[in-house]
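Quick note on labels: first sequence line is chain A, next is B, and so on, each numbered from 1. What you are looking at is a predicted structure, and each value in this text was computed from that prediction instead of being measured.
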Amino acid sequence: MSSVFRYRELIRNLVFKDLKLKYRDSTFGFLWSLANPLLVISVYSFVFGHLLPVGVERFPYFLMIGILAWNFFAQSLMMSTGSILDNGNLIRKVAVPMEVFPVATVLFNLAQYLLALVVLFPLAFVFFGVLPSWSWLAFFPILALHVLFTLGACFVVATATVFYRDVRHFTEILLMLLFWLTPIIYDIRSITPSLQSVIYLNPITFFTLGYQNVLYYNIFPSFQEVAVLTLLTVLMMVTGYAVFVRLKPRFAEEV
Amino acid sequence: MKSQVIGIFHKRFREERETLWALKGVTFDIRSGEALGLIGRNGSGKSTLLKIIAGIYSPSSGQVRLSNPRVGTMIELGVGFHPELTGEENIYLGASIYGLSRKEVDKIYPEVVAFSELDSFMDTSIKNYSSGMQARLGFALAVNLDPDILLVDEVLAVGDEAFQRKCMARMEQFRSAGKTIVFVSHSPEDVRRICDRACVLDFGSMVFLGKTGEAIDRYHALLGAA
């Protein structure tokens with residue numbers, strides 16, 4: 001991992017390359033990345049706020065927290081299927097520490113996530129009178145854990161896709177399933193205990209609840225909640241990185 | 001300063017019913033400041049060997065020992081360049097792929113631009129460059145990375161004659177500066193110009209290692225026999 005630090009300039013360049021290429025020559029530029037979450041929030045707000053009400057106050061704001069965090073995770077994971085594979089041309093020609101590619105993928109999506117938050121929070125203030133609270137400070141440690149957890153998952157997906165291209169399709173389906181198994185568009189307290197136990201099998205649930213606690217309910221996470229998040233992050237990161245390191249000597253031949 | 005490259009290589013590609021050894025039992029050492037040519041027919045394992053020395057492939061068995069870690073690879077010019085980015089952006093991106101920091105790139109940037117003779121095109125996306133211009137930018141970057149061990153694979157086959165002459169001159173400059181070079185080429189002329197010694201590979205085995213002239217004769221004999 002120390003080589004990742006030495007190659008920080010490369011990581012920086014990879015992230016900026018993706019950001020530049022995404023918005024260069026488009027008139028509305030970054031606004032396009034807001035179009036997707038805004039549309040999703042509007043549609044779900046209408047469907048689950050009016051047609052089939054789930055009974056959450058300030059529902060669009062509640063949705064916004066879950067959806068932006070979900071998008072960060074899901075888009076990182078989808079993009080990581082190509083982290084190694086799509087850089088095959090480079091990996092076959094230069095000896096480069098391959099960790100930089102999943103790291104760049106996650107940082108690129110983190111940048112999008114943070115930009116979206118910066119733009120959407122003022123909207124939440126205007127429309128729903130959302131005001132900052134001290135508990136928002138806990139957002140940052142949760143985010144840090146979430147980023148590392150996501151990176152661990154991306155290591156697994158990036159590695160697996162090199163050997164089985166099917167992983168790309170599988171990940172897409174899995175993410176769709178996980179989305180509904182995460183309490184993003186419903187409040188976990190509103191469902192039956194037996195269903196809750198299923199939702200708690202999904203590790204993403206704990207991160208979503210963490211965000212909701214600090215940003216929506218304005219309460220600091222409990223010690224247990226932090227412990228669970230830390231444990232999940234460490235497990236994911238250790239597993240993901242171990243898989244990656246074990247198989248990376250074969251990447252150049254397989255891509 | 002003594003720099004050595006010692007290697008014993010075995011490279012096996014995928015286990016199939018019958019194992020195909022891309023390289024088998026290749027062993028040699030290169031002293032600091034020496035230029036070694038690798039010649040052989042297509043598929044003889046030259047590029048695989050180069051990639052093993054570069055650390056891109058890991059050998060199935062055996063090892064590479066480098067006394068100097070600054071290895072520069074010119075296996076292909078302009079690795080990592082993106083067509084939509086400008087010349088300047090590509091220099092920064094391309095150099096960072098070799099682990100250079102921003103400051104280090106700032107330092108070599110003027111030389112890269114000067115060598116490429118493309119100063120008026122630095123703000124243009126390289127998709128608008130001709131292939132010769134792209135090659136010039138790639139080569140200009142590669143030679144200015146200033147490695148201690150330079151691995152070169154057939155890159156001189158691009159560009160016009162004037163550019164090729166410039167590249168060869170630069171390689172000779174590297175030689176006289178006491179850098180170590182491993183040079184893969186199909187052109188006996190180029191190998192003769194650059195290398196003191198050459199290694200002839202055939203079907204992954206080393207069939208000859210010695211004076212460049214003799215190596216080239218050996219290579220021609222192989223071609224004649226085929």
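Taking NZ from Lys17(A) and CD from Glu84(B), the interatomic distance works out to 11.5 Å, rounded to the nearest 0.5 Å. Here the NZ-CG distance, from Lys93(A) to Leu77(B), works out to 10.5 Å after rounding to the nearest 0.5 Å. Taking CZ of Arg12(A) as the reference point, atom CG of Leu93(B) lies at 11.0 Å (rounded to 0.5 Å). Expressed to the nearest 0.5 Å, how far CZ of Phe251(A) lies from OH of Tyr57(B) amounts to 14.5 Å. Atom CG of Asn13(A) is separated from atom CZ of Arg102(B) by 6.5 Å, given to the nearest 0.5 angstrom.
In this structure, the portion of Leu21(A) lying under 4.5 Å from any heavy atom of chain B is its side chain and not its backbone. Heavy atoms closer than 4.5 Å to chain B are found in the backbone of Ile91(A), but not in its side chain. For chain A, no part of Glu104(B) is nearby; none of its heavy atoms comes within less than 4.5 Å. At a 4.5 Å heavy-atom cutoff, the contact between Leu100(B) and chain A is made by backbone atoms alone.
In plain terms, the two heavy atoms of Ala95(A) and Ala54(B) that are nearest each other are CB-O, 3.2 Å. In plain terms, the two heavy atoms of Glu9(A) and Ser96(B) that are nearest each other are CG-CB, 3.7 Å.
In this structure, Trp180(A) places its CH2 atom where more than 12 heavy-atom neighbours from other residues, nucleotides or ligands lie under 6.0 Å away. Counted within 6.0 Å of OH on Tyr109(B), heavy atoms from surrounding residues, nucleotides or ligands total more than 12; the atom is thus considered enclosed. Atom CZ of Phe179(A) has more than 12 heavy atoms from other residues, nucleotides or ligands within 6.0 Å. In this structure, Phe170(A) places its CZ atom where only 12 or fewer heavy-atom neighbours from other residues, nucleotides or ligands lie under 6.0 Å away. Within a 6.0 Å radius of CZ in Phe163(A), other residues, nucleotides and ligands contribute more than 12 heavy atoms.
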